[in-house]
Amino acid sequence: MPVPPAGEGYDVVVVANRLPVDRDGSHPDGSPRWRRSPGGLVTALEPVMQSQDGAWVGWSGAPSTAEEEVSEPFDEGGMRLVPVGLSGDEITGFYEGFSNGTLWPLYHDVIVAPEYHRTWWEDYVRVNERFAAAAADVAAQGAVVWVQDYQLQLVPAMLRAARPDLSIGFFNHIPFPPYEIFAQLPWRRQVLEGLLGADLVGFQRPADAQNFLRACRRSLKLVPRHQGVEVTAADGSQRRVRASAFPISIDTAAMEALARSEPVRARAAEIREHLGNPDTVILGVDRLDYTKGIGHRIKAFAELLDDGLLAADDTVLLQVATPSRERVEQYRLLREDIELQVGRVNGAHGRIGHSVVQYLHHSYGREEMAAMFQAADVMLVTSLRDGMNLVAKEYIASRHDERGALVLSEFTGAADELGQAIHVNPHDIDGLKAAVVQAVVMSPREQRRRMRSMRRRVGEHDVQRWAHDFLTTLRPDLAGQVPGGADEARGDDAEDEHAGQARGEDHR
Ligand code: ADP
Ligand code: G6P
């Protein structure tokens, strides 16, 4: 692969399965119409890339015709976007198949059974090659290329083979499973070898990095040392690959500013009014995914109504369930289950003009999301397994009034950071019910105490800092060029929730 002449190409290139926007039909004049793509990866990376003069290589979310497979880069939302086309068959084999029918369940505690199909694997290899070639094409000499997530685990090694001049980082947004589970994958060696093409492999939690290093030891007989391994190339040269945790976050300041804006505050009041001004609004916001524990949450809520511990007249569960991966069988079945459950609870406890569960199967703009966070007394995050869960952090960032309570599954990456949330094991329905009651009756003073501590954490550890930490670990010479250093505009970095408690902020 030829290296672009000096001065050409981009110095920072992000490669992700998805572009930050999805193709959403066309305007009347025939020009393409775009809408924001779903999920936490886009939420996190969009503000980082908007502040960089870099390029984002990804898929547009729709099947391409042959001529669109080579569609030209374009600018949108302040970013340079480089589309990679996928045919209908590749969407089936690579995206719905190997990425979301094999890897997603395998990496999320096999909540549903992963399927292993050799044709899906062949599509995964072919599409990873296409992403690697697209990145190699646009990266300047000596550029940093940052590959994202489980859909593209082979790209680092493919890219290194084509462009040894690049610094290559990889970040896994989802958990990396224990070896006993990972070992099921018939192509486990190839996946590890693909990842080891990177100079730095980042994970959400230290446990994920340890699982990865352990897999390298068990599968490839490499010896992990000091959070990394030495790999030997075909020509005998040695290279060190580091693996460690970089917990992802959100654009905290932007989320807070949005939540403080007058239209969002007015909309929050309006939402409560439309819900019938109940005493308690409980909120869930998730992609409609079996990892999110939406069924467990509705079951606990229904039992609390049955038991009379929550009053059906004065409580609403507002559940936003974003459409996701709708052609994958397990997601279709989940939707049927959840909608049946919602119907049952509303049938048993609703009355004319009042549904106890308001179920919304739509995407919303950021303003509307911020207004929902403001309108909610209790936020429920009950994931059975979740790399991070940015919704939890968004709720915290939106609550500038220091009100509201967060119930948070201990199986999220966010639980490691948000020690002042009410932690739950969502499989324990009685424990979940008790946590919901605790959140509903929590005093304003206690809400404030917990919120302050969590807001401090999310304020200091935002997505700009995450990107800064990752990129400067990969390439220390980038310090000063990448915004988000810990000392920038965040005040005293040494302050954390424990420091707050030590100063006596616990006023109970
Ligand atoms: P995941 O990445 O698994 O979807 P996260 O909680 O980490 O889970 O990130 C989800 C992101 O998608 C958040 O930024 C959240 O605000 C956003 N989101 C979820 N549902 C919707 C929706 N219906 N409309 C708009 N944004 C949504
Ligand atoms: C999670 C994954 C992302 C993915 C997003 C939305 O956040 O980590 O890689 O983009 O979900 O899923 P989708 O399949 O719609 O891209």
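Both ligands and their constituent atoms are indexed starting at 1 by order of listing.
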What is the closest protein heavy atom to atom 10 (O) of ligand 2, and at what distance does it sit? R18 CD, 4.1 Å
Mutual orientation of the aromatic rings belonging to W146 and F470 [parallel < 30°, tilted 30-60°, perpendicular > 60°]: parallel
For ligand 2 and Y95, I'd like to know whether there is a polar contact (N/O to N/O, distance under 3.5 Å). yes
Can you sort out which atoms of ligand 2 are near H173, meaning under 4.0 Å from one of its heavy atoms? 8 (O)
Report yes if the distance between the aromatic ring centroids of F203 and F212 is under 6.0 Å, otherwise no. yes
Identify, chain by chain and in numerical order, each protein residue with a heavy atom under 4.0 Å from an atom of ligand 1. G39, G40, T43, V285, R287, K292, V320, T322, H362, S363, Y364, M369, N389, L390, V391, E394
So, for W104 and F98, is the gap between ring centers shorter than 6.0 Å? no
May I ask you to identify the nearest protein heavy atom to atom 7 (O) of ligand 2, giving residue, atom name and distance to one decimal place in Å? G40 N, 3.5 Å
For atom 11 (O) of ligand 2, closest protein heavy-atom neighbour: R325 NH2, 3.3 Å
Region of Q148 engaging ligand 2 - heavy atom pairs below 4.0 Å: neither
Side chain, backbone, both or neither: the part of I174 lying under 4.0 Å from ligand 2 by heavy atom: side chain
Is any side-chain N of the basic residue among D401 and R399 closer than 4.0 Å to the acidic one's carboxylate O? yes
P38: numbered ligand 2 atoms lying under 4.0 Å from its heavy atoms: 6 (C), 15 (O)
Distance-only polar pair, side chains of Q151 and Y124, donor-acceptor under 3.5 Å: no
Just grab all the salt bridge (Lys or Arg N to Asp or Glu O under 4.0 Å) pairs involving residues 368-381, residues at least two apart or on different chains. R267-E368, R272-D377
Do the charged groups of K292 and D289 touch, with an N to O distance under 4.0 Å? no
Using the ring centroid of each side chain, check whether F176 and Y107 are separated by less than 6.0 Å. yes
Is it true that E122 and R118 make a salt bridge, defined as a side-chain N closer than 4.0 Å to a carboxylate O? no
Please report which non-hydrogen protein atom sits nearest to atom 9 (O) of ligand 2, along with the residue it belongs to and the distance in Å to one decimal place. D149 OD2, 2.5 Å
Return a yes/no value for N17: is any of its N or O atoms, backbone included, closer than 3.5 angstrom to an N or O of ligand 2? no
Lys/Arg-Asp/Glu bridge criterion (N-O < 4.0 Å) met for E402, R450: no
Considering only NZ, NE, NH1 and NH2 on the basic side and carboxylate oxygens on the acidic side, decide whether E46 and R366 come within less than 4.0 Å. yes
Residue of the set Q330, E329, E336 for which side chain to side chain donor-acceptor pair (under 3.5 Å) holds with R332: E329
If the cut-off is 4.0 Å to any non-hydrogen atom of Q151, which atoms of ligand 2 fall inside it? 9 (O)
Would Y150 count as being in polar contact with ligand 2, using the rule that some N or O on each side must be under 3.5 angstrom apart? no
Atom 1 (C) of ligand 2: which of M388, E326, R287 has the nearest heavy atom? R287
